[in-house]
Amino acid sequence: MGSLDIGLVVTGFLIVLVVVGMRVAFAAALAGLVGLVWIFWSRRDYAPDAFFWALDVAIKTAGQIPHSKISSQALSLIPVFILIGFLAYYAGLTSALFVAAKRWVGWLPGGLAVATVFATAGFAAVSGASVATSAVFARIAIPQMLEVGYNKRFAAGVVAAAGTLASLIPPSAILVIYAIIVEQDVGALLLAGFLPGAFSAVIYGALVIGMALVIPNFGPAVGGFTWRQRFAALPGALPIAFVVVIIVLFIYNPFGGDAWGTPAEGGALGAFVVFVMALYRGMRWRQLKDTLLETAKLAVMIFAIIWGVLIYVRFLGFADLPGAFSEWITSLDQSPMLTLVLILLAYAVLGMFMDAIGMLLLTLPVVFPAVIALNGGLDVTAAESAFGMTATGCGIWFGIIVVKMAELCLITPPIGLNCFVVAGVRPDISVQDVFRGTAPFFVADALTIAGLIAFPGIVLYLPGLLLNV
């Protein structure tokens, strides 16, 4: 049995482990270790006395991964971005954002729901976790929407769907994970997420307005705010703009010369700014302790998944499965764009059964090289490529699209995590009702993804303008 055959068998073994309920981190690590032992043992023709040699080499190979990756500066962005989100809640930024959004856009049809979308998008600019975003706004926005007559199913659905914007709008933990797995520039990916995130929020808002215009008694507009009241609501939301500016300045220096630092340093400074504001707003020791504990729990969970999957990725390299898959994809007698769409549809189906991070970590080591090959390879020019961009641009563009696809996992039954979180915060709303409430937003997401595919400039404009990507 050759290396490629071993790769296919072990991948099938991994799928079985995940289907029967083993955690992705442990399933990937176990499959990767078994695969490494098998590969090394096969090179000694399965001699009985060579088994323990193969086991020793496999363990040493797998054991190098946690240290080599934990020392990566990009990985340190994950806990920093998660910490910013938790601190922002105690700093009162969520309430300030919702009040500001309500005063500025509440007059529109479906005004409170539109305000929820834009306030959530604003909070996403300081929160790297979609689940935390949904939980926060389930407490703030749903009561006010129910008070003015919104259907509870839709009120819960808009919060769950809008919470997914945190996956796309920087600082985004999942974009950092993507960058680590496929070895792309973290700063370029974070910059690339701004416009698609704003575009997605606008599509969500337009959907809400359209539904309010068509459906009788959908949700009344909330008016009566003077211009003075609107401008008075803005200072409470300014710290978010400040954090965004800090992170951008540590990626790109608009005044010429090198950037002010690394994205990790910018994130740390942003966390310090929000921490000072939280202290000023009255955060107590118990709240700080809870913030640090929740950040540590979420970060460790993500780290464990990354380490486990990277052991499997190391095995894939020895089995050459990514290369074989790339050759097969490029040999198909159909347009590269059709193949890309089919890959994205496969992600939509896979998202019904796996969480977003696990899905991306398990598939990207194989799918990403295939997409680059579809575009024309690592050395292709934009003029000669299938998608009209260089390999670097293709990596960034595909990253934003696949992260947007991963957002669907958070609201897709049966395991849409955001829906369970909203139902957990609001026991009076069943998880089934939350899932039904998110249904219209699948249309919005489909339009967003179609727009990003048709107009890649939405993704690549900022990285091209600021970093010459």
Side-chain angles (χ1 to χ4, degrees), residues 7-38 58-59 61-70 72 75 78-79 81-82 128-132 134-135 164 166-167 172-178 180-182 293-316 319 321 346-367 402-403 405-421 423-424 431:
L8 293 172
V9 172
V10 172
T11 299
F13 173 59
L14 171 59
I15 293 171
V16 170
L17 291 178
V18 173
V19 169
V20 299
M22 182 179 283
R23 298 287 184 182
V24 170
F26 306 124
L30 178 59
L33 184 60
V34 169
L36 287 171
V37 173
W38 194 347
I59 290 174
T61 301
Q64 294 171 357
I65 292 173
H67 175 266
S68 64
K69 289 302 175 183
I70 198 63
S72 166
L75 202 59
I78 293 173
F81 285 172
I82 294 171
S130 293
V131 171
S134 295
T164 65
S167 296
S172 165
I174 200 166
L175 279 177
V176 175
I177 293 170
Y178 173 88
I180 292 170
I181 294 297
V182 304
L293 284 174
E294 290 303 316
T295 299
K297 288 177 184 177
L298 192 52
V300 167
M301 180 197 74
I302 294 173
F303 285 180
I305 295 174
I306 291 175
W307 291 336
V309 169
L310 286 176
I311 293 173
Y312 171 68
V313 170
R314 184 67 58 88
F315 156 70
L316 287 180
L321 193 59
Y347 271 113
V349 175
L350 196 58
M352 298 173 65
F353 308 102
M354 293 186 67
D355 66 278
I357 293 176
M359 180 183 73
L360 292 184
L361 286 172
L362 287 179
T363 58
L364 283 173
V366 175
V367 172
V402 81
V403 166
M405 291 300 302
E407 289 181 0
L408 289 174
C409 301
L410 298 170
I411 57 173
T412 302
I415 61 168
L417 194 55
N418 278 20
C419 296
F420 281 98
V421 167
V431 69

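Keep in mind the model is a prediction, meaning the values are calculated, not measured.
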Checklist outcome for this item: Sorted by chain and residue number, the side-chain contact (heavy atoms from CB on, under 4.5 Å) partners of Ala299 (sequence neighbours excluded) come out as Pro79
Item to check | Chi angles and distances behind the side-chain contact (heavy atoms from CB on, under 4.5 Å) call for Leu30, Ile311 | outcome: CA-CA 8 Å; Leu30 178 59; Ile311 293 173; over 6 Å; no
Item to check | Spacing of Leu417 atom CG and Thr164 atom OG1 [to the nearest 0.5 Å] | outcome: 12.0 Å
Item to check | side chain to side chain donor-acceptor pair (under 3.5 Å) against Thr363, all qualifying residues, sequence neighbours excluded | outcome: Tyr347
Next on the checklist: Phe420: which residues meet the ring-ring contact (aromatic ring centres under 6.0 Å, His included) condition with it, sequence neighbours left out?
Outcome noted: Phe435
Checklist entry - Of all residues at least two apart in sequence or in a different chain, which pass the side-chain contact (heavy atoms from CB on, under 4.5 Å) check with Ser134? => result Asn418, Val422
Checklist entry - What is the distance from atom CG of Leu298 to atom CG of Leu293, rounded to the nearest 0.5 Å? => result 12.5 Å
Checklist entry - Are Leu361 and Ile305 close enough that some pair of their side-chain heavy atoms sits under 4.5 Å apart? => result yes
Next on the checklist: Using side-chain heavy atoms (C-beta onward) and a distance below 4.5 Å, is Ile78 in contact with Ile306?
Outcome noted: yes
Checklist entry - Heavy atoms, side chains only, cut-off 4.5 Å: are Thr61 and Leu33 in contact? => result no
Item to check | Of all pairs that satisfy side-chain hydrogen bond (donor to acceptor under 3.5 Å, both in side chains), the ones with a partner from residues 24-35, not counting sequence neighbours | outcome: none
Item to check | Considering all heavy atoms, the nearest Met359-Gly351 contact | outcome: SD-N, 3.7 Å
Checklist outcome for this item: dist Leu350:CG -> Met405:CE (nearest 0.5 Å) comes out at 10.0 Å
Item to check | Where Ser167 and Val403 come nearest, the two heavy atoms and their spacing | outcome: O-CG1, 3.4 Å
Checklist entry - About how many Å separate CG of Leu364 and CD1 of Ile177, when rounded to the nearest 0.5 Å? => result 10.5 Å
Checklist entry - CG/Leu175 to CG/Leu360 distance, rounded to the nearest 0.5 angstrom? => result 10.0 Å
Item to check | Nearest heavy atoms of Ile174 and Ala406, plus distance in Å | outcome: CD1-CB, 4.2 Å
Under 3.5 Å, sequence neighbours excluded: what are the donor-acceptor pairs made by side chains of residues 8-26?
residue : atom : partner : partner atom : Å
Thr11   : OG1  : Gly7    : O            : 2.7
Thr11   : OG1  : Tyr312  : OH           : 2.9

